[in-house]
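Have a look at the structure below, then the notes.
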Amino acid sequence: MISVKPIRTLPLSTTGEWCALQCDHCKAHFLKNMTNIDHLSRKLELNYFKSILVSGGYNKEGYLPLSKSSINLMKKLKESGYKLNFHMGLINEKTIKHLISLPDMVSYDLMLDDFVIKNIFHLKDKDSNEFKEKYFMIKEYFPISPHILIGANYGKIEKEYEEIDFLSKDPPPEKIIFIVITPIQNTPFQEISLPSIKEVEELWNYAKKKLPNTKFYLGCVRPNGNYRYELDSLAIYLNFHAIVNPHSEAIKSQNNIKIFEECCALL
């Protein structure tokens with residue numbers, strides 16, 4: 001198993017703390033822990049980071065707005081030797097063509113639950129078909145790491161099975177990164193009930209059968225505490241390829257643990 005500690009990847013927000021969507025499960029919370037693009041040069045002076053997660057808030061169309069100056073900056077970073085993992089949502093093909101040769105990886109949130117898309121992500125004019133279309137489009141241009149968010153429908157597991165079915169079609173992805181809905185204070189999700197570990201186990205066993213040759217990763221976004229311990233222990237039991245910041249007690253008895261210090265999508 002690989003223990004991912006992404007200390008060498010700098011999470012960058014190209015939009016600061018701005019996000020037009022204000023999704024119910026996030027409310028731009030995760031942007032607060034990212035480096036604002038205006039402060040990037042100061043962080044890079046440390047000569048510590050090997051890669052950059054290019055992310056930020058999304059516009060009303062559900063993608064990361066990238067200005068010409070932002071793209072030029074990404075080109076300079078690439079030329080300087082940084083690996084770039086883009087998290088850019090439902091990006092359009094015009095923007096994609098401006099990014100040719102830049103992404104080492106694209107992290108893509110695959111969501112096929114129309115209720116979540118319209119009512120939690122606030123993408124009223126989008127549906128699961130568009131998420132499928134964008135997945136195929138991005139895949140034509142760049143390496144892609146699909147993410148499945150477990151429990152996005154207020155903690156219920158429903159359309160995640162459909163997402164696995166979709167990804168199981170030829171050719172299946174090299175990896176899938178699972179993340180789990182996390183209660184965040186001052187959001188409508190702060191007191192939701194988490195998916196039971198038994199439900200997650202059933203989902204992962206189903207995924208294992210449908211995608212026998214795909215590597216499974218447990219990503220950075222998931223609850224803490226005992227739930228994390230049980231979740232991580234389950235992932236280890238099911239022979240996940242990698243876990244980001246695994247619970248110390250869950251990996252205590254594991255031998256031959258390898259360490260990877262960048263974003264798991266780059267592994």
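Basis for what follows: all heavy atoms, side chains included, without hydrogens, waters or symmetry-related copies. Just so you know, residue 1 is the first one in the sequence shown, and it goes up from there.
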Side-chain ([X]) to main-chain ([Y]) donor-acceptor, under 3.5 angstrom:
X: Arg228; Y: Arg222; answer: yes
X: Thr35; Y: Leu12; answer: no
X: Lys175; Y: Ala265; answer: yes
X: Asn59; Y: Gly62; answer: yes
X: Thr182; Y: Val180; answer: yes
X: Ser80; Y: Lys76; answer: yes
X: Thr9; Y: Cys263; answer: yes

### Message
For Glu201, give me all partners under salt bridge (charged side-chain N to carboxylate O under 4.0 Å, His left out), at least two apart in sequence or on another chain.
### Response
none
Could you tell me whether the side chain of [Y] reaches within less than 4.5 Å of the side chain of [X], counting heavy atoms only?
X: Asp24; Y: Thr187; result: no
X: Phe121; Y: Cys23; result: yes
X: Leu149; Y: Asp109; result: no
X: Leu218; Y: Val244; result: no
X: Ser128; Y: Asp114; result: yes
X: Phe115; Y: Glu158; result: no
X: Ile243; Y: Cys264; result: no
X: Leu77; Y: Ile52; result: yes

Heavy-atom closest pair, residues [X] and [Y]:
X: Glu160; Y: Ala152; value: OE2-N, 4.0 Å
X: Thr214; Y: Pro173; value: OG1-O, 2.8 Å
X: Ile236; Y: Ala250; value: CD1-O, 3.3 Å
X: Gly151; Y: Ile157; value: N-CG1, 4.5 Å
X: Ile181; Y: Pro195; value: CG2-CD, 4.2 Å
X: Gly57; Y: Ser13; value: N-OG, 4.4 Å

[X] vs [Y] aromatic rings, parallel, tilted or perpendicular, using cut-offs 30° and 60°?
X: His247; Y: Tyr229; value: perpendicular
X: Tyr206; Y: Tyr161; value: perpendicular
X: Phe240; Y: Phe216; value: perpendicular

Please find out if less than 6.0 Å separates the ring center of [X] from that of [Y].
X: Tyr217; Y: Phe178; result: no
X: Phe30; Y: His87; result: no
X: Tyr135; Y: Phe166; result: yes

With rounding to the nearest 0.5 angstrom, report the [atom1] to [atom2] distance, [X] to [Y].
X: Glu174; Y: Leu267; atom1: CD; atom2: CG; answer: 9.0 Å
X: Glu17; Y: Asn36; atom1: CD; atom2: CG; answer: 8.0 Å
X: Asn153; Y: His25; atom1: CG; atom2: NE2; answer: 12.0 Å
X: Leu66; Y: Thr95; atom1: CG; atom2: OG1; answer: 7.0 Å
X: Leu112; Y: Phe131; atom1: CG; atom2: CZ; answer: 8.5 Å
X: Ser145; Y: His147; atom1: OG; atom2: NE2; answer: 6.5 Å

### Task
With side chain to side chain contact (heavy atoms under 4.5 Å, CB included) as the test, would you mind laying out the steps for Ile184 and Gln190 before giving the verdict?
CA-CA 5 Å; Ile184 294 172; Gln190 66 180 3; over 6 Å; no
### Task
I would like to know whether Leu40 and Leu73 meet side chain to side chain contact (heavy atoms under 4.5 Å, CB included); could you show each step before the answer?
CA-CA 10 Å; Leu40 178 61; Leu73 175 59; 3.8 Å; yes
### Query
In the hydrophobic cluster built from side-chain contacts under 4.5 Å, what are the other members alongside Met34?
Leu31
#### Entry: Residue pairs fulfilling side-chain hydrogen bond (donor to acceptor under 3.5 Å, both in side chains) with at least one residue in residues 63-72, sequence neighbours excluded
Tyr63-Asn92, Ser67-Ser69, Ser67-Ser70
### Summary
Only residue of Lys134, Lys126, Lys124 satisfying salt bridge (charged side-chain N to carboxylate O under 4.0 Å, His left out) with Glu61 is Lys126
### Task
Test Ile179 against Ile148 for side chain to side chain contact (heavy atoms under 4.5 Å, CB included), laying out the working first.
CA-CA 6 Å; Ile179 53 178; Ile148 291 180; over 6 Å; no
### Query
Around Lys83, counting heavy atoms of other residues, nucleotides and ligands shown, do more than 12 lie under 6.0 Å from its NZ?
yes
### Task
Give a yes or no on whether Asn129 atom CG has more than 12 heavy-atom contacts from other residues, nucleotides or ligands under 6.0 Å away.
yes
### Task
Determine, stepwise, if the pair Phe49 / Tyr82 fulfils ring-ring contact (aromatic ring centres under 6.0 Å, His included).
CA-CA 8 Å; Phe49 299 101; Tyr82 292 101; 8.2 Å; no
### Message
Please evaluate residues Lys252 and Glu249 with respect to the criterion salt bridge (charged side-chain N to carboxylate O under 4.0 Å, His left out), reporting the C-alpha separation (whole Å), side-chain torsions for both, the decisive distance (0.1 Å), and the verdict.
### Response
CA-CA 5 Å; Lys252 191 164 61 174; Glu249 290 297 312; 2.8 Å; yes
### Message
Assess, by modelled atom type and distance only, whether the side chains of Ser196 and Glu199 contain a donor and an acceptor separated by less than 3.5 Å.
### Response
yes
### Residues Ser107 and Asn85: side-chain donor-acceptor under 3.5 angstrom
yes
### Query
Does Trp18 share a hydrophobic cluster with Met88, counting links as ILVMFWY side-chain heavy atoms below 4.5 Å and allowing steps through other members?
no
### Query
Quick one: do Leu53 and Ile71 end up in the same hydrophobic cluster if we chain Ile, Leu, Val, Met, Phe, Trp and Tyr together by side-chain heavy atoms under 4.5 Å apart?
no
### Task
Answer yes or no on whether Arg8 is positioned over the face of Tyr48, meaning its NZ or CZ is under 6.0 Å from the six-membered ring centre and within 45° of the axis.
yes
### Message
Under the criterion side chain to side chain contact (heavy atoms under 4.5 Å, CB included), I'd like the reasoning laid out for Asp165 against Lys210: C-alpha separation, chi angles, the key distance, then a yes or no.
### Response
CA-CA 7 Å; Asp165 288 341; Lys210 296 288 288 188; 3.2 Å; yes
### Query
Between Lys78 and Asp104, does at least one N-O distance fall below 4.0 Å, as a salt bridge requires?
yes
